[in-house]
Amino acid sequence: MPLDAKPGMDFKVIGTRPVRPDGIDKVTGRARFGADFNMPGQLTGRVLRSPHAHARVKSIDVSQALKLQGVKAVVTRDDFNADAVDPALMDVLVNVMARDKVLYEGHAVAAVAAVDAPTARQALKLIKVDYEILPHVTDVEEAMKPSAPVLHADMFTDGVEPRPTKASNIASRVEFGHGDVEAGFQQADVIVEREFRTEAAHQGYIEPHAVVASMGADGYAEMWCCTQGHFMVRNISAHLNGVDVSKLRVTASEIGGGFGGKTTVFLEPVALALSRKANRPVKLVMTRDEVFRASGPTSSSYVKVKIGAKKDGTITGAYAELAYQGGAFRGSPVDMGAMCTYACYDLKNVQVVGYDVVVNRPKQAAYRAPGAPQAAFGVESVIDELAQKLGMDPIDLRLKNAARDGTKSSYGPTFGPNGLIQTLEAAKNHPNYKVKLGPHQGRGVAVGFWFNFGGQTAVSMNVNIDGSIALAVGTPDIGGSRASMGLMAAEELGIAYDKVRTIVADTASLGFNDVTEGSRVTFSSGLATVQAARDAIKKMCGRAAQMWGIPEDAVEWKDGHAHPAGANAGNFPPMSLADIAKDAGNTGGPIAGHCEVNAEGAGISFATHLVDVEVDPQTGRTQVLRYTVIQDAGKAIHPTYVEGQYQGGAAQGVGWALNEEYIYGKDGRLQNAGFLDYRIPVCSDLPMIDTVIIEVPNPGHPYGVRGVGETGIVPPLGAVGNAVSHACGHRMTVVPMSPPRSLKAIKG
Amino acid sequence: MSKITVSATVNGDAADFVCDATETLLDVLRDRLGLTGAKEGCGTGDCGACSVILNDRLVCACLVLGAEAQGAKIETVEGLANGETLHPLQRKFIEHAALQCGVCTPGFLVAAKSLIDHNPDPTEEQVRYWLAGNLCRCTGYDKIVRAVLDAAAEMREANHAA
Amino acid sequence: MVKVGLWGSLTSYTGGATHVEVAAGNIREMLLALGQNYPGLKPHLDRGVAVSINGQIYRDAWFQKIPEGAEVFLLPKLAGG
């Protein structure tokens with residue numbers, strides 16, 4: 001990045017904790033989320049979904065549905081021209097509307113738009129789909145067997161030479177590492193090897209997917225939806241419908257949680273197709289049941305870990321094998337899982353092999369640090385067991401082998417400055433690490449890593465006539481990011497935080513922005529905001545120079561004012577931002593700062609988590625007693641929201657570790673598609689979640705920011721697993737550690 | 001389909017509406033009365049995002065039929081503030097950053113108001129169990145519990161002073 | 001010349017070499033040269049890759065300069081949540 005960090009910078013507003021600009025809207029019910037939009041003349045849409053896990057779609061007869069009074073449009077696979085679709089988006093098309101086969105229970109096969117919901121529901125019952133049921137497979141290990149039913153006849157495992165000649169469910173094989181693991185194991189005094197399994201968890205955002213699409217006969221279209229990336233929604237929805245990107249304008253509503261699950265499309269292209277056919281606005285909203293069955297959960301996994309160490313704790317060799325199912329399409333996050341597996345450790349000999357596997361389940365979608373928690377569960381459990389065998393404190397064992405500045409990472413690149421050691425030391429010194437435990441209680445430690453990303457970002461900053469600022473960003477605000485942007489703008493401009501209004505602009509009003517994902521927003525949109533502010537400042541200095549009749553470079557910007565730079569520039573009283581804004585019309589017209597950038601330089605973030613649990617020996621139920629998150633934020637722009645990310649990630653991880661799982665029947669159907677049976681943590685399940693923010697600045701950001709959103713979900717599976725293992729006196733190897741599994745561990 | 005005519009009181013104002021026999025109170029609030037503060041997170045009473053107070057009882061609006069609201073007194077998140085003055089719970093939720101995405105917030109506020117109406121001095125444990133019917137996926141509940149305890153304390157102090 | 005580190009499964013297209021050298025001054029030149037010299041790599045490169053230069057990961061930056069003697073690794077295209 002061309003931006004220079006300001007070393008030892010003395011921040012005025014960065015690091016303070018003002019209230020968020022959208023707070024009032026969100027506590028009064030005024031904020032408009034996806035399902036809160038309505039249009040005049042709007043129709044209600046519903047999607048018909050496959051009851052079968054795997055079947056050939058022989059025919060679809062919609063004639064009876066079309067005859068029902070009040071039905072205005074029906075769309076099926078025939079309404080999408082697959083031949084015109086970019087091969088890279090073919091899976092997306094097939095996922096939003098099945099073509100020759102349905103690949104999972106819940107796969108969309110048709111959609112209707114009608115005058116009201118009862119009519120739409122009735123119309124679905126009148127659509128006749130002729131299925132030829134095929135054998136199915138939903139388990140990742142079963143799917144890898146040569147005898148398994150094959151989902152895609154054209155899937156030949158990538159990354160294997162020579163290329164296989166027989167189709168299989170293994171989409172690809174990846175491998176990372178360096179050194180010689182076998183030689184490493186030869187040097188070890190102790191070796192621990194174990195197999196682990198994790199079930200699929202859903203992101204569990206409280207707001208179901210929702211969209212309103214409106215397309216006129218002239219091909220111009222508007223769309224409102226809840227998404228992590230409205231530019232992505234625009235590009236894909238327009239492409240799949242054969243519409244020019246410029247004709248579709250997408251506005252992101254407030255978003256009721258995403259966690260990665262709203263980084264792709266499900267309903268949006270279908271709503272657009274229905275609206276085109278009906279020539280009326282169409283609203284599609286998923287039920288919770290549809291969210292579970294048809295939007296992306298994360299991968300379930302099989303993980304094998306083998307680690308060898310010397311008596312003093314030095315790890316001599318580390319191996320892992322991962323198999324992740326990505327649902328019915330290639331693209332499970334096994335590659336990222338494989339890269340993260342040993343990222344926390346400084347290893348001479350390391351090898352990780354990963355398999356991307358397809359099964360008859362919904363296409364997985366990203367979920368907070370996708371792929372990392374499953375692998376970390378295995379590794380952190382084995383490290384814990386090694387510490388037990390070596391008679392070492394588990395934090396000391398990690399400190400002995402921890403990655404630091406200059407470590408060659410297990411996936412290749414050499415790490416720069418990072419805070420892993422600091423998080424471990426803070427954990428060791430934390431009061432929660434010293435509390436005495438009672439009977440049936442156990443303590444767990446685990447570490448975690450995530451890369452964090454930058455990406456394409458555009459920001460526009462308008463200086464208003466009264467000196468207030470309108471800041472337009474293109475990344476939906478999923479957890480208070482407008483507050484962080486406002487803080488960075490205020491800091492850079494030298495004005496009060498409440499003088500900045502940050503909005504999420506629609507796709508026609510701003511350059512392209514990548515999806516809100518990869519913990520990139522505070523980093524990328526923040527970096528672009530700082531650059532846009534500097535652009536505006538340069539222009540304002542130019543206006544002041546003009547007024548004073550001195551050269552532009554003789555003006556400097558300090559504390560929200562233009563000043564003559566030194567005595568030689570002249571003796572003029574400083575002009576405030578508001579002074580300059582007031583006369584903008586006479587000094588050259590509107591003043592605006594811009595930044596269009598592909599933000600690079602995101603900084604990695606490490607965390608250490610501590611947890612104490614108590615397992616009820618009668619029921620096997622686990623209660624979390626204490627939880628501590630310690631993570632490197634680089635620089636916390638708004639510390640309260642950083643804490644919130646830490647706490648939220650930990651809570652999601654605890655849910656995954658203890659309760660949450662997709663349960664499939666022999667028929668390939670999901671058996672717990674609701675919040676009653678798929679139980680996410682409730683208020684009474686959790687204690688207060690203590691947080692410690694470590695700040696090792698990221699050299700790639702002007703204020704040192706690192707993404708913080710994702711790392712928090714990586715350690716909990718391992719930390720809780722270690723705690724439950726100690727409480728039960730038995731090594732837990734399956735997530736979730738639900739009461740029946742823990743009870744079995746206790747009873748032996 | 002013949003419709004049912006219903007007269008109720010919503011946030012202190014008379015509200016007359018017609019609805020189908022199958023329509024829930026949540027559908028009526030959102031689609032017929034334009035009160036979209038209550039959210040549909042599940043439609044099965046598991047998430048609490050549609051919490052409203054019906055005749056002084058906390059309910060999930062998705063589990064009540066619109067027709068059942070005849071003569072009822074209904075309070076929703078839209079009625080919490082008094083003009084420009086926020087309810088202490090609303091203020092404390094913002095101050096404590098007890099919301100991230102904010103979609104569960106209306107339900108939590110209504111549920112927490114119902115708690116404080118019943119028990120002005122709740123313990124942390126009582127707050128956690130009272131709010132166990134409201135799901136939040138963003139916050140881990142820490143800041144929500146703190147906001148509710150803080151609001152309850154402030155309201156006790158204000159009542160004491162009055 | 002740029003020395004490029006490959007992730008394990010790509011080494012089957014380079015005769016087992018974990019590092020290969022190509023003449024390139026930026027990421028785009030490097031990717032083009034890799035595809036020409038090792039045709040088996042091309043489908044993987046076309047599907048999208050990330051590139052790490054001296055520990056910094058770039059997802060889409062063709063014209064990012066590669067300094068002399070830099071540590072360079074090819075990585076799978078990354079996505080987040």
Side-chain angles (χ1 to χ4, degrees), chain A residues 88 158-162 172-178 203 228 258-261 263 298 331 333 335-336 338-339 351-354 365-370 408-409 411-416 450-456 514-515 517-520 598 600-604 699-700 707 709-710 713, chain C residues 2-21 26-28 30-31 34-35 38-67 69-81:
Chain A
D158 273 344
V160 177
E161 265 320 281
S172 69
R173 176 187 182 279
V174 292
E175 189 186 324
F176 294 91
H178 55 253
Q203 296 83 350
Q228 290 178 244
F259 317 109
T263 56
T298 186
D335 44 2
M336 290 183 288
M339 290 163 74
Q351 187 188 20
V352 183
V353 176
Y367 181 26
R368 215 167 192 154
K408 181 177 166 51
S409 70
Y411 59 91
T414 302
F415 286 140
W450 186 248
F451 309 93
N452 299 321
F453 307 139
Q456 297 188 68
D514 275 329
V515 173
E517 50 114 28
S519 303
R520 78 176 207 91
N598 193 352
E600 305 283 7
I604 55 177
E710 301 189 88
I713 202 172
Chain C
V2 178
K3 190 172 159 197
V4 189
L6 306 171
W7 78 83
S9 25
L10 294 189
T11 58
S12 49
Y13 309 109
T14 58
T18 59
H19 288 78
V20 296
E21 292 209 14
N26 62 32
I27 288 179
R28 184 162 188 251
M30 183 189 86
L31 296 177
L34 283 171
Y38 306 95
L41 283 180
K42 200 157 180 315
H44 293 270
L45 302 175
D46 290 347
R47 204 174 294 151
V49 291
V51 177
S52 153
I53 303 174
N54 289 330
Q56 190 61 60
I57 297 176
Y58 298 89
R59 288 199 296 177
D60 313 273
W62 276 357
F63 297 104
Q64 182 65 40
K65 284 201 169 53
I66 304 178
E71 177 203 76
V72 179
F73 279 92
L74 229 47
L75 301 171
K77 186 95 175 168
L78 301 159

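Just so it is clear: chains get the letters A, B, ... in the order the sequence lines come, proteins before strands, and each one is counted from 1. What's counted below: heavy atoms across the whole structure, side chains too, no hydrogens, waters or symmetry copies.
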Segment of A:Ala602 engaging chain C (4.5 angstrom heavy-atom cut-off):
backbone
A:Asp335 with C:Lys77: basic N within carboxylate O range, under 4.0 Å
no
Considering only heavy atoms, give the residues of residues 6-18 of chain C separated from chain A by less than 4.5 Å, sorted numerically, with 'none' for an empty result.
C:Trp7, C:Gly8, C:Ser9, C:Ser12, C:Tyr13
Under 4.5 Å between any side-chain heavy atoms of A:Pro413 and C:Glu71, yes or no?
yes
Kindly write out the residues that satisfy side-chain contact (heavy atoms from CB on, under 4.5 Å) with C:Pro67, not counting sequence neighbours, or none if the list is empty.
C:Ile53, C:Asn54, C:Ala70
Is the backbone of A:Gly416 close enough, under 3.5 Å, to the side chain of C:Gln56 for a donor and an acceptor to pair up by distance?
no
Heavy-atom proximity to chain C below 4.5 Å, by part of A:Gln228
side chain
How long is the span from the OH atom in C:Tyr58 to the CZ atom in A:Phe453, to the nearest 0.5 Å?
15.0 Å
Below 4.5 Å from any heavy atom of chain C, which atoms of A:Tyr411 appear? Answer side chain, backbone, both or neither.
both
From A:Ser172 atom OG to C:Arg47 atom CZ, the distance as rounded to the nearest 0.5 Å:
7.5 Å
Is any side-chain N of the basic residue among A:Glu600 and C:Lys65 closer than 4.0 Å to the acidic one's carboxylate O?
no
In terms of heavy-atom proximity below 4.5 Å to chain C, should A:Phe259 be classed as side chain, backbone, both, or neither?
backbone
Answer whether the closest heavy-atom distance between the side chains of A:Phe451 and C:Ser52 falls below 4.5 Å.
no
Do the side chain of C:Asp60 and the main chain of A:Asn598 share a donor and acceptor less than 3.5 angstrom apart?
no
Could you give the distance from CD1 (C:Ile57) to CE (A:Met339), rounded to the nearest 0.5 Å?
5.5 Å
